[in-house]
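Here's the structure we're looking at; comments come further down.
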Amino acid sequence: AMLTATELKKGFTKLDQFCMLVAALGHDLDHEGCTNDFHVKTSDPLALTYNDRSPLENKHARLTFEVAASEVCDIFSTRSAADRKGARAAIIDMILHTDMSHHADQMKVLDSKTHFSTDEAADRNFWLAIVLHTCDIANVAFKWNECFKWARMVVAEFKAQYAKEVKAGVPPTGFLN
């Protein structure tokens with residue numbers, strides 16, 4: 001809704017908007033409730049697979065494209081090779097930028113922007129990633145009952161991860177307890 005209900009939509013093609021929808025649907029696909037840091041600290045196979053770089057988001061992107069390219073879906077089959085390549089790059093970029101470790105850098109780039117431009121693919125992808133990241137962390141902007149519900153679920157995930165860290169014998173993340 002943030003993209004389509006605002007003036008932002010004027011800067012994006014229908015394909016950009018579709019990519020945003022796909023990225024939003026897939027950005028936490030098969031998330032089991034632990035952080036990237038947990039996977040790295042415990043030398044989890046997922047962290048090893050992705051060389052400790054955004055292991056969860058890389059998994060979410062991979063799974064998104066496994067579903068999107070499956071025989072049942074194949075959502076980009078009618079698009080040109082160039083469109084498919086661009087869409088894949090945009091979706092991967094959006095999903096990878098939901099990793100909170102990129103938040104500070106994203107905010108620095110955002111602060112340095114002097115105007116909103118979507119003339120180049122890189123500009124469009126940046127703004128699409130910002131919109132998805134904003135939506136991903138926007139639960140605090142929900143009505144109180146929804147916000148509280150989401151907060152309770154996040155706290156439960158944090159507490160469960162803290163217990164897993166203690167059990168695994170790795171330094172527990174203090175703010176999770």
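Atoms considered below: every heavy atom in the structure, side chains included; atoms not considered: hydrogens, waters and symmetry mates.
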Please work out whether the ring planes of His103 and His133 are parallel, tilted or perpendicular, with thresholds of 30° and 60°.
tilted
Checking side-chain contact (heavy atoms from CB on, under 4.5 Å) for the pair Phe148/Phe142: CA distance, chi angles, key distance, verdict?
CA-CA 9 Å; Phe148 187 69; Phe142 294 169; over 6 Å; no
Does the cation-pi check pass for Arg88 over Phe65, that is, NZ or CZ under 6.0 Å from the six-membered ring centre and within 45° of its axis?
yes
Distance check, rounded to the nearest 0.5 Å: His31 atom NE2 versus His60 atom NE2?
4.5 Å
Checking side-chain contact (heavy atoms from CB on, under 4.5 Å) for the pair Thr134/Ile130: CA distance, chi angles, key distance, verdict?
CA-CA 6 Å; Thr134 301; Ile130 288 293; 4.0 Å; yes
If you group Ile, Leu, Val, Met, Phe, Trp and Tyr by side-chain heavy-atom gaps below 4.5 Å, do Leu63 and Ile75 land in one group?
no
Spatial distance of atom NZ (Lys85) from atom CZ (Phe76) [nearest 0.5 Å]
15.0 Å
Side-chain (His102) to main-chain (Asp99) donor-acceptor, under 3.5 angstrom
no
Heavy-atom closest pair, residues Gly11 and Thr118
O-OG1, 2.7 Å
Is Ile91 reachable from Leu29 through a run of I, L, V, M, F, W or Y residues, each pair having side-chain heavy atoms under 4.5 Å apart?
no
Run Lys149 and Glu146 through salt bridge (charged side-chain N to carboxylate O under 4.0 Å, His left out) and show every step you take.
CA-CA 5 Å; Lys149 182 175 94 174; Glu146 280 299 306; 3.7 Å; yes
Could you grab the distance from atom CG of Leu56 to atom OG1 of Thr98, nearest 0.5 Å is fine?
9.0 Å
Between Val140 and Cys147, what is the shortest heavy-atom contact and its length?
CA-SG, 3.8 Å
Give the C-alpha distance, both sets of side-chain angles, the deciding distance and a yes or no for side-chain contact (heavy atoms from CB on, under 4.5 Å) between Trp150 and Asn145.
CA-CA 9 Å; Trp150 278 101; Asn145 288 342; over 6 Å; no
So, Asp44 versus Thr42: side-chain donor-acceptor pair below 3.5 Å or not?
no
Donor-acceptor contact below 3.5 Å, side chain Asp136 vs main chain Leu132:
no
Measuring from Tyr162:OH to Glu165:CD, what's the distance to the nearest 0.5 Å?
8.0 Å
Do the side chains of Met20 and Leu110 join up, straight or via other hydrophobic residues, at under 4.5 Å, putting them in one cluster?
yes
Search all heavy atoms of Ala23 against all heavy atoms of Ile95 and return the closest pair with its distance.
O-CG1, 3.9 Å
Is there a donor-acceptor pair closer than 3.5 Å between any side-chain N or O of Thr173 and the backbone N or O of Leu176?
no
Ion pair Lys59/Glu32, N-O distance below 4.0 Å
yes
Counting only heavy atoms not in Lys113, do more than 12 sit closer than 6.0 Å to its NZ atom?
yes
Straight-line distance of Phe38 CZ to Gln161 CD, nearest 0.5 Å:
6.0 Å
Quick one, Val131 and Leu128 - any side-chain contact, counting heavy atoms below 4.5 Å?
no
Any link between Trp127 and Val109 through a network of hydrophobic side chains (Ile, Leu, Val, Met, Phe, Trp, Tyr) touching at under 4.5 Å?
yes
Provide the closest heavy-atom pair for His97 versus Ala129 in the form atom of the first, atom of the second, distance.
CB-CB, 4.0 Å
Leu15 and Asp83, any side-chain heavy atoms less than 4.5 Å apart
yes
Search all heavy atoms of Asp123 against all heavy atoms of Ser117 and return the closest pair with its distance.
CB-O, 3.1 Å
Salt bridge flag under 4.0 Å for residues Arg62 and Glu66
yes
Test side-chain contact (heavy atoms from CB on, under 4.5 Å) on Val155 and Arg152; report intermediate values, then the result.
CA-CA 5 Å; Val155 167; Arg152 289 181 60 191; 5.8 Å; no
Other residues, nucleotides and ligands only: do more than 12 of their heavy atoms fall within 6.0 Å of CZ on Phe116?
yes
Interatomic distance, NZ@Lys41 vs OG1@Thr35, rounded to 0.5 Å, equals 7.0 Å
Tell me if a side-chain donor or acceptor on His39 pairs with a main-chain N or O of Ala47 at a distance below 3.5 Å.
no
Whether Arg79 side chain and Arg84 backbone form a donor-acceptor pair below 3.5 Å:
no
Hey, mind stepping through Phe158 and Phe175 against ring-ring contact (aromatic ring centres under 6.0 Å, His included) and telling me if it holds?
CA-CA 8 Å; Phe158 284 176; Phe175 78 87; 5.5 Å; yes
On a heavy-atom basis, which atom in Ala61 and which in Ile92 lie closest, and how many Å separate them?
CB-CG1, 4.4 Å
In terms of side-chain heavy atoms, does Asn36 have a donor or acceptor partner in Glu57 at a distance below 3.5 Å?
yes
